[in-house]
Amino acid sequence: MSTNNLPPFPSNVPTAPLVRLSLSKLQSHDVAESQRLLQACEDIGFFYLDLQDSTIGANLLTLADELFTLGENLFSLSLKEKQKFDFARQDSYHGYKAQGAVVVDRQGNLDANEFYNVSKNDILDLIPPLPSPLLLRHSRPMLKSFIHTSHTITILLLNHLNTHLSLPPSTLPNLHRLSALSGDQVRFIKSPAPVHSYSTRKATSTPTMGPHTDFGTLTILLNRLGGLQVLSPNSEEWTYVKPLPGHAIVNLGDAMVKFTNGRLRSNVHRVMRPPGEQGGCTRYSVVYFARAEDDVPLRRLEGEGIPKEEKGKGKEKVVSSKEWVLKRALGRRVDLGKGVDYDGTRGTEGGRY
Ligand SMILES: O=C(O)CCC(=O)C(=O)O
Ligand SMILES: [Fe+2]
């Protein structure tokens, strides 16, 4: 799907004023850019990352184009074929998730997108390969490059934050080693165009992906059509994040809130049908989720820039990165016969959705 053939994002809808950071400036340790990164991570935990001005960024954009095509081909396999790779009953969040398999709200409305999650552990041969469609087996080198490139960008961003938080050198990077088992994954998403008119799906008011915070450390998101919305940190207002060509949307996940005792933000977001003319199009995304290594406990790290625990505040149970991601990733599935504990599977901004 070429970006050129898509209808434009409408000019009359309010959009979130996210900052645009330059990957190349962050690579060259530009002090002001690094400060803007910290500010964005404290204020909303979302920012645009301009990938066009750096070799590794340009590499990610090229790979993303190839992955968008791969995603389209992957989702055009038959439902029966795709469902062979849904491993949720084996307590795994890798592989396929059909449309309508998770609830998006307390009322029990269902989601309207398909996922295919590809595990880093698998692609980097840290575990025996998971069963997967032929198409994905042929694409392992491309997936490997995408994982390597996304991970390099993740480590760069974590190093900047490590410094701002006055953590001992490499504390954050050392919790995210590429060679260690973790829940890192590449996610393909498809939200099909409505079959009749877009008034069918209780339509414009029910999200295709419910409000959530991301479970891991950092997310690198590539999408081309609008639909992603962030909940404003200081009000109950949802605003669209307009996709910008050449940029990724980066956001922090719950692990960063726990590591920094709330100094950095994992903001609530959701996905609606794309706005305006875009509403009639099928929407695809390609995402890289960077997550802490499986056995990392999600708790405050020791550093001068990290607020101390409040005295007398009841201690939350500390869970490992693996347990947290598993609970959050499968907790809203309606097809596992376990019931859904909506409140028990919310993230670090649980009170807000
Ligand atoms: O598709 C998008 O724009 C957002 C996807 C998302 O939030 C997620 O997969 O966690
Ligand atoms: Fe998300």
Side-chain angles (χ1 to χ4, degrees), residues 1 3 6 9 13 15-16 18 44-49 64 67-68 71-72 74-75 93-99 101-105 111-119 146 150 183-193 207-231 238-245 247-257 265-275 278-279 281-291 324-325 327-333 345-350 352-353:
M1 176 185 59
T3 326
L6 299 172
F9 186 92
V13 299
T15 54
L18 304 183
I44 181 154
F46 266 82
F47 55 90
Y48 292 108
L49 189 62
L67 290 176
F68 268 88
E72 283 190 50
L74 183 62
F75 289 123
Y93 49 82
H94 301 304
Y96 181 67
K97 179 204 75 70
Q99 192 176 337
V102 303
V103 294
V104 297
D105 54 27
D111 75 292
N113 51 63
E114 299 177 86
F115 287 172
Y116 201 108
N117 293 317
V118 178
S119 162
F146 184 71
S150 301
D184 283 35
Q185 57 184 204
V186 180
R187 173 178 293 171
F188 298 91
I189 307 176
K190 174 181 182 179
S191 176
T208 56
M209 189 185 298
H212 66 281
T213 55
D214 287 350
F215 329 142
T217 296
L218 196 147
T219 304
I220 300 178
L221 167 66
L222 295 138
N223 58 27
R224 289 168 174 181
L225 290 170
L228 174 66
Q229 291 186 327
V230 288
L231 183 60
W238 289 96
T239 40
Y240 284 103
V241 178
K242 178 180 173 175
L244 296 181
H247 293 66
I249 297 160
V250 178
N251 65 288
L252 300 189
D254 296 338
M256 286 304 270
V257 177
R265 194 173 178 99
S266 167
N267 202 84
V268 181
H269 53 287
R270 67 179 185 185
V271 184
M272 306 298 288
R273 286 296 320 149
Q278 297 192 334
C281 301
T282 295
R283 182 177 190 278
Y284 294 91
S285 304
V286 171
V287 196
Y288 186 76
F289 290 100
R291 293 168 172 160
W324 179 263
V325 175
K327 179 176 91 164
R328 297 226 44 221
L330 294 184
R332 293 189 180 169
R333 289 280 298 239
T345 50
R346 292 185 301 179
T348 48
E349 295 197 348
R352 301 194 77 215
Y353 65 102

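These numbers were taken from a predicted model, which means no experiment stands behind them. As the structure lists them, so they are numbered: ligands from 1, and atoms in each ligand from 1.
Of the options Arg270, Arg332, Lys97, Arg333, a salt bridge (charged side-chain N to carboxylate O under 4.0 Å, His left out) to Asp111 is made by Lys97 and by none of the others.
Residue-level proximity to ligand 1 for Ile249 is absent, since no heavy atom of it falls below 4.0 angstrom. Looking at Asp214 against ligand 1, only its side chain comes within 4.0 Å, counting heavy atoms.
Less than 4.0 angstrom separates some heavy atom of Val271 from each of these atoms of ligand 1: 2 (C), 4 (C). Listed by number with element, the atoms of ligand 1 under 4.0 angstrom from any heavy atom of Phe289 are 8 (C), 9 (O), 10 (O). Heavy-atom proximity to His269, at under 4.0 Å, picks out these atoms of ligand 1: 7 (O). Taking every heavy atom of Arg187 and a limit of under 4.0 angstrom, the matching atoms of ligand 1 come to 8 (C), 9 (O), 10 (O). The contact set between ligand 1 and Ser285, taken as ligand atoms under 4.0 Å from a residue heavy atom, comprises 1 (O), 2 (C), 3 (O). Heavy-atom contacts of Ile189 reach the following atoms of ligand 1: 1 (O), 5 (C), 9 (O) (cutoff under 4.0 Å).
Among all protein heavy atoms, the one lying closest to atom 6 (C) of ligand 1 is Met209 SD, 3.5 Å.
With Tyr284 as the aromatic partner, Arg224 does not meet the cation-pi criteria of under 6.0 angstrom to the ring centre and within 45 degrees of the ring axis. Cation-pi check for Arg187 over Phe115 is met; the charged atom lies under 6.0 angstrom from the ring centroid and within 45 degrees of its normal.
Using 4.0 Å as the threshold, Arg270 has no heavy atom nearer than that to any atom of ligand 1.
Of all heavy-atom pairs spanning Asn113 and Thr208, the tightest one is ND2-O, 3.0 Å.
To the nearest 10 degrees, the Fe ion (ligand 2) sees NE2 of His212 and NE2 of His269 at an angle of 90°.
Salt bridge present: Arg265 and Glu349 bring a charged side-chain N and a carboxylate O closer than 4.0 Å.
Note on Asp214: its N/O/S atom closest to the Fe ion (ligand 2) is OD1.
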(request) Show the numbers, then the answer: is there a side chain to side chain contact (heavy atoms under 4.5 Å, CB included) between Val287 and Thr219? (result) CA-CA 7 Å; Val287 196; Thr219 304; 3.3 Å; yes
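For the 3.5 Å distance criterion, the side chains of Gln229 and His269 fail to qualify, holding no donor opposite an acceptor.
The NZ atom of Lys327 lies 14.0 Å from the OH atom of Tyr93; values are rounded to the nearest 0.5 Å.
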